[in-house]
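Presented below is the structure to which this report refers.
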Amino acid sequence: MALLMQLLTLALALALGPTATLAGPGKSPYQLVLQHSRLRGRQHGPNVCAVQKVIGTNKKYFTNCKQWYQRKICGKSTVISYECCPGYEKVPGEKGCPAALPLSNLYETLGVVGSTTTQLYTDRTEKLRPEMEGPGSFTIFAPSNEAWASLPAEVLDSLVSNVNIELLNALRYHMVDRRVLTDELKHGMALTSMYQNSNIQIHHYPNGIVTVNCARLLKADHHATNGVVHLIDKVISTITNNIQQIIEIEDTFETLRAAVAASGLNTLLEGDGQFTLLAPTNEAFEKIPAETLNRILGDPEALRDLLNNHILKSAMCAEAIVAGVSMETLEGTTLEVGCSGDKLTINGKAVISNKDILATNGVIHFIDELLIPDSAKTLLELAADSDVSTAIDLLRQAGLSTHLSGKEQLTFLAPLNSVFKDGTPHIDAQMKTLLLNHMVKEQLASKYLYHGQTLDTLGGKKLRVFVYRNSLCIENSCIAAHDKRGRYGTLFTMDRMLTPPMGTVMDVLKGDNRFSMLVAAIQSAGLMETLNREGVYTVFAPTNEAFQAMPPEELNKLLANAKELTNILKYHIGDEILVSGGIGALVRLKSLQGDKLEVSSKNNVVSINKEPVAETDIMATNGVVYAINSILQPPANRPQERGDELADSALEIFKQASAFSRSAQRSVRLAPVYQRLLERMKH
């Protein structure tokens, strides 16, 4: 139980972030992860840390809570091993790692942490070993033996062939002339090395990983008498060029170089900061159609958006990625940066061909695929990436697709492909006009639409906006996905084809033979003027079949009683517009008669007072019509409900009487008390 409480406390501390814990000073992300590894390993004895090792590799990681349960690093399975935490060692015959490592000088500590190759190369220089064994306070980021072994042969040869210059300088670049522990290693900071005061870039990530010039800290905070040793997984080298300078000298960035110059972003990329540039190679630019590339290169705003979509707001080294993480670009979009084995991925695709090219103001990863943001795309290009390809095909057949590829400010209301599952409509003049009515004459954002707003279409219609609790609809069609906002137009993905209104409610009813008896009843009740004038109505329209289903004597009696007929017809008319997409599970809609109608939707079947509707969303300029095959009866006309009302009234009277009785009984019991109080007040 104690362990569980500690784990919960740590999890909350991690959730609060690197600057706050539940007690005491804030711990760094690295320290929090190390603490979690300690808690997971304590069953094996004191100072034991749980370590995740990627199967088939030598890569090891202290484990955080999420990785512990997933047991994966970059999609690869891991096994848990238990090792002494940094600074401790085993004692024969005892459990765990009870003994602190003996303090010795920096040179000897290198051997303790597993950097014997660094020791060996230190010996080869004439000056460095005495310095490491002597007085002072230093920090050394010591490459592991494997890091030295992975250096290209020609690089290693150049170092060892000139030990007192090249090798000495390389080793001094790994050193700082003061003791620096992990709690001082802040994200984005620079440390001054002992080689010509060159900077070393430090990044300390929320997942607990710390990098030094993009080399990962493997074991940190190994104290020595004259400093501290941190073991890292790479041999690091000096950084001299900024991002813009690297773009200038790399042959594979010829197109990128021209694009940056045209956009004016070279000032940003040569200035201060810590960015990640996902740098598209010449090959990446060649993959997109020439027409699209030329359009973007010739449009300064689209070009700037394109390039900003390749720049992350902070430096992200490959070693810091152990699982997918969302990162914001300068364009304001979010990219999912992840990994699959040794490969970095962007939005799930392994498009990074070269990684961790360090610059003084960030890091560059080469990518072989262009990341075009929505804001640099035409409506036609936006639609190509969405589930609306059938609607685009219809526009092409109708000769209207040019509206989506030009510079018109438009919003395209594009029905989902699933709308056409039973087949696509034939293109004729009427369908062409309908498609034009799916294009609104301005570039909209759905979050700014409001209830009752009207939108002008290229087809000459005015469309109404209806805002409901859980849906946003334009006429009978509701928005089914987030907006896609392009360079000039916006794509709204809609759940059905629009049916713009063709007349008033009375026009709709008169134009449909199914409602001839209803039209006659409306005339008899004097409601024609109401349903012809401006307004917002939802009409549940009984078909002729509904009237004919009534016994003849009841029907005749109803039609002969103007007051009763008006009352019933008003009960079929809601006092607002409710399209089927706005119903949700259940809506209680007030009728003109005064009582409420229960409109529900389940499994794509709309019901009114639990009776299924025959047809939904027949749009009118002053409302919407639903065809129903029954006559709705107001509650006062339903015998069962009249009985229920009487019962409810009787129950309420009984409750009030009971309450009065209890009150009276309490008054009787308390009367003597009140009497005594009055007597005291008199005296």
Would you give the length of the straight line joining atom [atom1] of [X] to atom [atom2] of [Y], rounded to the nearest 0.5 angstrom?
X	Y	atom1	atom2	result
Arg487	Gln409	CZ	CD	8.0 Å
Thr292	Ile288	OG1	CD1	6.0 Å
Leu410	Thr378	CG	OG1	11.5 Å
Thr621	Glu534	OG1	CD	8.0 Å
Ser401	Leu404	OG	CG	7.0 Å
Leu370	Leu293	CG	CG	7.5 Å

Lys/Arg N to Asp/Glu carboxylate O, [X] vs [Y], below 4.0 Å:
X	Y	value
Arg514	Glu615	yes
Asp393	Arg396	yes
Glu369	Lys349	yes
Asp385	Lys377	yes

Min side-chain heavy-atom separation Thr538-Ile573 under 4.5 Å: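 No - every pair of side-chain heavy atoms lies 4.5 Å or more apart.
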
For Val508, is there any backbone N or O sitting under 3.5 Å from a side-chain donor or acceptor partner on Asp512?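 Answer holds: no.
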
Can you tell me which residue among Lys313, His310, Arg304 is in a side-chain contact (heavy atoms from CB on, under 4.5 Å) with Leu330?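 Result: among Lys313, His310, Arg304, Lys313 is the only option passing the side-chain contact (heavy atoms from CB on, under 4.5 Å) with Leu330.
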
Results of salt bridge (charged side-chain N to carboxylate O under 4.0 Å, His left out) for Arg295 - residues two or more places apart only: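 Per chain and number, Arg295 pairs via salt bridge (charged side-chain N to carboxylate O under 4.0 Å, His left out) with Glu381.
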
Take Glu331 and Ser375, measure what side chain to side chain donor-acceptor pair (under 3.5 Å) needs, and give me the verdict at the end. CA-CA 9 Å; Glu331 166 58 13; Ser375 59; 2.6 Å; yes

Among Thr454, Thr457, Asp456, which residue satisfies the side chain to side chain donor-acceptor pair (under 3.5 Å) criterion with Lys462?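 Of the listed residues Thr454, Thr457, Asp456, the side chain to side chain donor-acceptor pair (under 3.5 Å) partner of Lys462 is Asp456.
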
Residues which pass ring pair (Phe, Tyr, Trp, His ring centres under 6.0 Å) with Tyr626, listed by chain and number, not counting sequence neighbours: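 With sequence neighbours excluded, Tyr626 shows a ring pair (Phe, Tyr, Trp, His ring centres under 6.0 Å) to Phe540, given in chain and number order.
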
